[in-house]
Amino acid sequence: MTPDDLEQCLGYEDIFRKFSTTSGLNSTSLTKSLSAIVYSVQESSCHHDEDEEEETETKPSSAEAWGYGIGSASVVVFISNIGLFFKPCMQTRGFQRIMYFCVALAVGTLGGTGILVLIPESLGMTGEDSPIPDYKWKLVMVIVGIYVFFVMERSIHMGTDMKKKKKRELCVDTTELNGLENGDFPGHSHVKQEGGVAAVAWTLLLGDALHNFSDGIAMGAAYTENVAMGVSVSLAILSEELPHELGDIAILLHSGMTIKRALLLNFLAAVTIYMGLVIGIIVGENTDANTYVFAFSGGLFIYIALADMIPEMNNQAKFAARAGKDGTMTVFFYQNIGLVLGFGVVILLATYSSYLSV
């Protein structure tokens with residue numbers, strides 16, 4: 001074998017074709033090929049281009065991260081005032097059913113993204129060279145466990161309610177019915193105006209601003225990693241923002257604000273997502289701290305899904321049963337569609353993320 005042969009960075013298939021005979025590798029050709037194999041394995045320059053190409057494929061450019069991030073954040077800001085368009089139909093049964101679906105969809109996308117996307121990325125479990133084989137399907141079983149126990153718990157509650165109905169008639173709380181007619185939402189407290197704007201309105205706006213800021217950081221850091229992760233995080237944020245913003249607009253109006261003021265202040269609370277987005281992209285592009293951002297955001301998403309949104313789903317079912325407008329089975333049906341769709345979309349994004357990477 002000539003020195004030129006040793007200086008070539010050949011892959012295993014190229015080495016086989018170069019040194020094999022018509023009958024394949026024999027003892028003589030195998031001995032000659034060993035030097036080329038050793039050179040290809042030990043020479044760092046043979047792997048540099050491959051690693052650089054892999055990094056280029058998985059990491060979006062700065063322009064792409066900013067473009068995708070600003071676009072996704074703008075959709076979230078637009079949704080912040082979407083409640084204005086739904087105000088005329090907020091008292092209808094159809095709108096309440098939309099809310100059942102939207103809250104459950106938020107649980108699915110938030111929980112699924114935290115468990116299947118953000119936390120594995122923070123631990124370095126993603127990619128074809130993942131140190132944990134089939135980690136995605138093991139984490140899918142975590143999601144299945146959440147769904148199964150939700151169904152079991154809700155089934156027990158529905159069975160208990162059916163037994164109570166046989167013993168006595170369902171008593172309707174007239175005060176809650178009056179609140180529903182005025183545009184209240186299951187899972188949101190009725191706010192009474194007592195001279196000026198209620199204090200809970202300012203607390204709500206401050207909480208929304210901080211929440212949107214955190215969402216922006218997660219979104220920015222995700223888009224610097226790869227497009228699929230950014231899409232998954234953005235979808236989870238959008239799914240969570242839609243039902244909350246619809247309810248928040250109603251609360252602000254009932255707190256004593258005018259429509260214009262409520263929309264303006266809600267918009268100002270929403271634009272803090274841009275501040276978080278800038279920080280997230282800068283951190284993701286210039287440091288290795290984005291893995292810590294993913295871990296923090298994963299915990300935030302799971303907390304919101306399990307500690308905030310699922311109790312809201314339970315409150316929706318109880319409220320509907322007491323109000324007598326929708327049966328518990330109807331609420332359960334719409335919530336199941338939302339949960340399955342939310343979890344399913346995130347699982348598909350995580351499974352086929354390589355097709356969205358740039």
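All residue numbers refer to positions in the sequence shown, counting from 1.
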Is any side-chain heavy atom of [X] less than 4.5 Å from a side-chain heavy atom of [Y]?
| X | Y | result |
| --- | --- | --- |
| Val148 | Met152 | yes |
| Tyr334 | Ile98 | no |
| Phe150 | Ile146 | no |
| Tyr100 | Asn336 | no |
| Pro120 | Leu139 | yes |
| Tyr68 | Val227 | yes |
| Glu121 | Thr291 | no |
| Ile347 | Lys136 | no |

Quick check against the 3.5 Å criterion: does [X] have a side-chain atom that pairs as donor or acceptor with the backbone of [Y]?
| X | Y | result |
| --- | --- | --- |
| Ser232 | Thr113 | no |
| Ser80 | Val77 | yes |
| Ser214 | Leu210 | yes |
| Asn266 | Ala262 | no |

Could you tell me which non-hydrogen atom of [X] sits nearest to which non-hydrogen atom of [Y], and how far apart they are?
| X | Y | value |
| --- | --- | --- |
| Gly108 | Phe343 | O-CD2, 3.3 Å |
| Thr224 | Pro60 | O-CD, 3.6 Å |
| Val331 | Ala320 | CG2-CB, 3.7 Å |
| Ile70 | Leu277 | N-CD2, 3.6 Å |
| Asn290 | Ala221 | CB-CB, 4.3 Å |
| Met229 | Val117 | CG-CG1, 3.8 Å |

Group every Ile, Leu, Val, Met, Phe, Trp and Tyr by side-chain heavy-atom contacts under 4.5 Å, then state whether [X] and [Y] land in the same group.
| X | Y | answer |
| --- | --- | --- |
| Phe267 | Leu206 | no |
| Phe95 | Phe333 | yes |
| Phe301 | Val75 | yes |
| Tyr147 | Val142 | yes |
| Met158 | Phe149 | yes |

When rounded to the nearest 0.5 angstrom, what is the spacing between [atom1] in [X] and [atom2] in [Y]?
| X | Y | atom1 | atom2 | result |
| --- | --- | --- | --- | --- |
| Thr109 | Leu339 | OG1 | CG | 10.0 Å |
| Trp66 | Glu285 | CH2 | CD | 7.0 Å |
| Ile119 | Phe296 | CD1 | CZ | 12.5 Å |
| Met309 | Cys102 | CE | SG | 9.0 Å |
| Glu225 | Ser122 | CD | OG | 11.0 Å |
| Ile143 | Leu116 | CD1 | CG | 5.0 Å |

Checking Trp137 against Thr351 for the side-chain contact (heavy atoms from CB on, under 4.5 Å) test, could you report, in this order, the C-alpha distance in whole Å, the side-chain angles of both residues, the deciding distance, and whether it holds?
CA-CA 9 Å; Trp137 302 114; Thr351 304; 4.0 Å; yes

Audit row: Leu118, Leu300, side-chain contact (heavy atoms from CB on, under 4.5 Å) steps and yes/no:
CA-CA 10 Å; Leu118 291 174; Leu300 175 65; over 6 Å; no

Audit row: Leu341, Phe101, side-chain contact (heavy atoms from CB on, under 4.5 Å) steps and yes/no:
CA-CA 10 Å; Leu341 181 61; Phe101 169 81; 3.7 Å; yes

Connected-component partners of Met275 among ILVMFWY, side-chain separation under 4.5 Å:
Phe213, Ile217, Ile279, Val283, Val293

Tell me whether Asn286 at atom CG has more than 12 heavy atoms from other residues, nucleotides or ligands lying less than 6.0 Å away.
yes

Taking it one step at a time, do Leu105 and Glu240 satisfy side-chain contact (heavy atoms from CB on, under 4.5 Å)?
CA-CA 8 Å; Leu105 180 68; Glu240 182 266 336; over 6 Å; no

State which residues pass side-chain hydrogen bond (donor to acceptor under 3.5 Å, both in side chains) with Gln335; sequence neighbours excluded, sorted by chain then number.
Arg154, Gln316

